[in-house]
Amino acid sequence: MNMSASKLQLSDSGRLLHLLTLEDLPPKIIYSLFAAADKFAAHKPSPDARPLSGKLFVNIFFESSTRTRTAFEASARQLGADVVNLDRITMSGETKSETLRDTVLTIAAMGAAGIALRHGENGAAVQAAAAAPPNFAVINGGDGENAHPTQGLTDAYTLRERVGEDFSGLSIAIVGDVLHSRVARSDLHIFRTLGATDIRLVGPPSLCPQELQDELGATVINDMADGINGVDVVALLRVQRERLNADETGLSAAEYFTRFGLDEKRLAGLKPDVMVLHPGPINRGMEISNVVADGKNALILRQVKNGMAVRMAVLNELCGDR
């Protein structure tokens, strides 16, 4: 994590000011968010005791999103906040960073407690946090190919339900379009922070090139059978169909499924209790078969449910009364 992001995300005393990335996020903060998520998962705030009651929260999404934006909106409303959604905002390329700064300052001047920002540019969340006035929180809802911290927290929280807080014994395969995936990077950072050492990046060479081994510090494997052999977790990534063409992968959707999809035959060769993750939306018949997606090993819907509790914990920590 670059130093600007580190300084912006944490106060001098180590308090979380913004959530921009999971890279180098202290375990103490992660465990604290998990503990808060446990409480929200067990008991939703009552109507007369909602911690964000009377506060304004804004979703600013420069890229289309259904799941993440809805999860932020529903979580903020559960906490009592008033929510405004700004979707599919367009900017001129020449003034992108300047306009983002102005947008943040404008929303803050309206009295908002914070924003969730989805943006196609790497580092956009850091730009927004740099422009933010005191007591205004920026939550990265996904920036470029860089980070998606609330999804990474959700994925780790979901595994924690099964294995506890120590991931040191886990073998994890992250499968699919690792090259372009912000989820893969956030998962990798938090899994490593929680103790995982056997993390494999699996996919075709065009979407999971060997250069990522040095960049991300995890083992790159371009064969599915080798990549998932003996693992405890298969974390599948969404693959954009437009990337499956002769210029980029040379694979059709059907060919990708044959080589890198998780079907019942491949699942049968894994540990009986292997855990299957996917951030959604899933491409059935390309990344995963219907049988696996709907089977007992898949934690996909659990991830959706847990994502609410995790985001409530993040919102309460950053936008609630300290």
Side-chain angles (χ1 to χ4, degrees), residues 1-12 15-25 29 33 51-52 54-65 68-77 79-153 182 185-186 310-322:
M1 177 168 60
N2 63 55
M3 289 304 295
S4 60
S6 179
K7 290 180 179 179
L8 287 168
Q9 182 159 270
L10 299 174
S11 70
D12 291 339
R15 182 173 61 120
L16 192 66
L17 301 176
H18 308 282
L19 183 61
L20 309 176
T21 179
L22 298 181
E23 187 177 4
D24 296 333
L25 188 66
I29 291 179
L33 290 173
L52 299 190
K55 297 195 175 187
L56 174 64
F57 185 77
V58 182
N59 284 315
I60 304 179
F61 276 58
F62 291 91
E63 293 182 328
S64 61
S65 169
T68 301
R69 200 221 68 181
T70 301
F72 273 115
E73 179 180 2
S75 298
R77 291 190 188 281
L79 296 174
D82 296 317
V83 181
V84 173
N85 296 310
L86 303 178
D87 293 333
R88 301 295 297 274
I89 301 174
T90 58
M91 292 180 165
S92 67
E94 294 78 14
T95 60
K96 187 176 293 186
S97 61
E98 183 70 23
T99 304
L100 180 58
R101 178 179 183 274
D102 290 340
T103 300
V104 169
L105 292 174
T106 299
I107 297 299
M110 292 177 180
I115 60 171
L117 176 69
R118 166 67 64 86
H119 201 289
E121 181 181 330
N122 290 346
V126 171
Q127 294 177 35
N135 301 314
F136 180 87
V138 175
I139 302 172
N140 187 356
D143 65 326
E145 300 160 1
N146 182 47
H148 195 345
T150 57
Q151 186 63 53
L153 283 166
R182 51 195 169 213
R185 286 162 175 78
S186 288
V310 166
R311 288 181 175 91
M312 289 171 73
V314 171
L315 286 164
N316 184 55
E317 173 64 22
L318 294 177
C319 299
D321 294 329
R322 300 282 184 156

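What's counted below: heavy atoms across the whole structure, side chains too, no hydrogens, waters or symmetry copies.
- The environment of N85 atom CG is dense: over 12 non-hydrogen atoms of other residues, nucleotides or ligands sit within 6.0 angstrom.
- One finds the CZ atom of R69 at 11.0 Å from the OG atom of S64 (value rounded to the nearest 0.5 Å).
- Nearest heavy atoms, R101 versus A131: CG-CB, 3.6 Å.
- No side-chain donor-acceptor contact under 3.5 Å links H18 to the backbone of A137.
- At least one donor-acceptor pair under 3.5 Å links the side chain of K55 to the backbone N or O of C319.
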task: Would you check, one step at a time, whether the test side-chain contact (heavy atoms from CB on, under 4.5 Å) holds for L52 with D82?
output: CA-CA 8 Å; L52 299 190; D82 296 317; over 6 Å; no
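- V84 has its side chain within reach of L56: a pair of non-hydrogen atoms, C-beta onward, lies under 4.5 Å apart.
- A distance of 5.0 Å separates CZ in F62 from OG1 in T103, rounded to the nearest 0.5 Å.
- We find the CD-CG distance between Q151 and L22 to be 10.5 Å, quoted to the nearest 0.5 Å.
- Contact check on R182 versus E63 returns a salt bridge, with a Lys/Arg side-chain nitrogen under 4.0 Å from an Asp/Glu carboxylate oxygen.
- Closest non-hydrogen pair, V58 versus A112, comes out as CG2-CB, 4.2 Å.
- Residues F57 and A116 come closest through the heavy atom pair CZ-N, 3.4 Å.
- Within the 4.5 Å cutoff, the side chain of P149 has no heavy atoms near those of the T21 side chain.
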message: Set out, in order, the CA-CA distance, both residues' side-chain angles and the distance that settles side-chain contact (heavy atoms from CB on, under 4.5 Å) for Q9 and L16, then state yes or no.
response: CA-CA 6 Å; Q9 182 159 270; L16 192 66; 3.7 Å; yes
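- Atom CG of residue N59 and atom OG1 of residue T68 lie 10.0 Å apart, to the nearest 0.5 angstrom.
- Among all heavy-atom pairs drawn from A71 and S75, the shortest one is O-OG, 2.7 Å.
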- prompt: Would E23 and R185 satisfy side-chain contact (heavy atoms from CB on, under 4.5 Å), going step by step from the backbone distance to the final call?
  reply: CA-CA 9 Å; E23 187 177 4; R185 286 162 175 78; over 6 Å; no
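- With rounding to the nearest 0.5 Å, the separation of OG1 in T150 from CZ in R311 is 3.5 Å.
- For D143 (side chain) and G123 (main-chain N/O), a donor-acceptor pair under 3.5 Å exists by modelled atom type.
- The two atoms that bring A147 and L20 nearest to each other are CB-O, 3.9 Å, heavy atoms only.
- Once rounded to the nearest 0.5 Å, the distance linking CG of L17 with CD of E317 reads 9.5 Å.
- Between L100 and L117, some side-chain heavy-atom pair lies under the 4.5 Å cut-off.
- Side-chain atoms of S186 come within 3.5 Å of backbone atoms of H148 as a donor-acceptor pair (strictly under, hydrogens ignored).
- Using a cut-off of 4.0 Å between Lys/Arg side-chain N and Asp/Glu carboxylate O, D87 and R118 are scored as not salt-bridged.
- For the pair V314/I139, a side-chain contact is recorded, criterion being any heavy-atom separation below 4.5 Å from C-beta on.
- In terms of heavy-atom proximity, E145 sits nearest to N122 at N-OD1, 2.6 Å.
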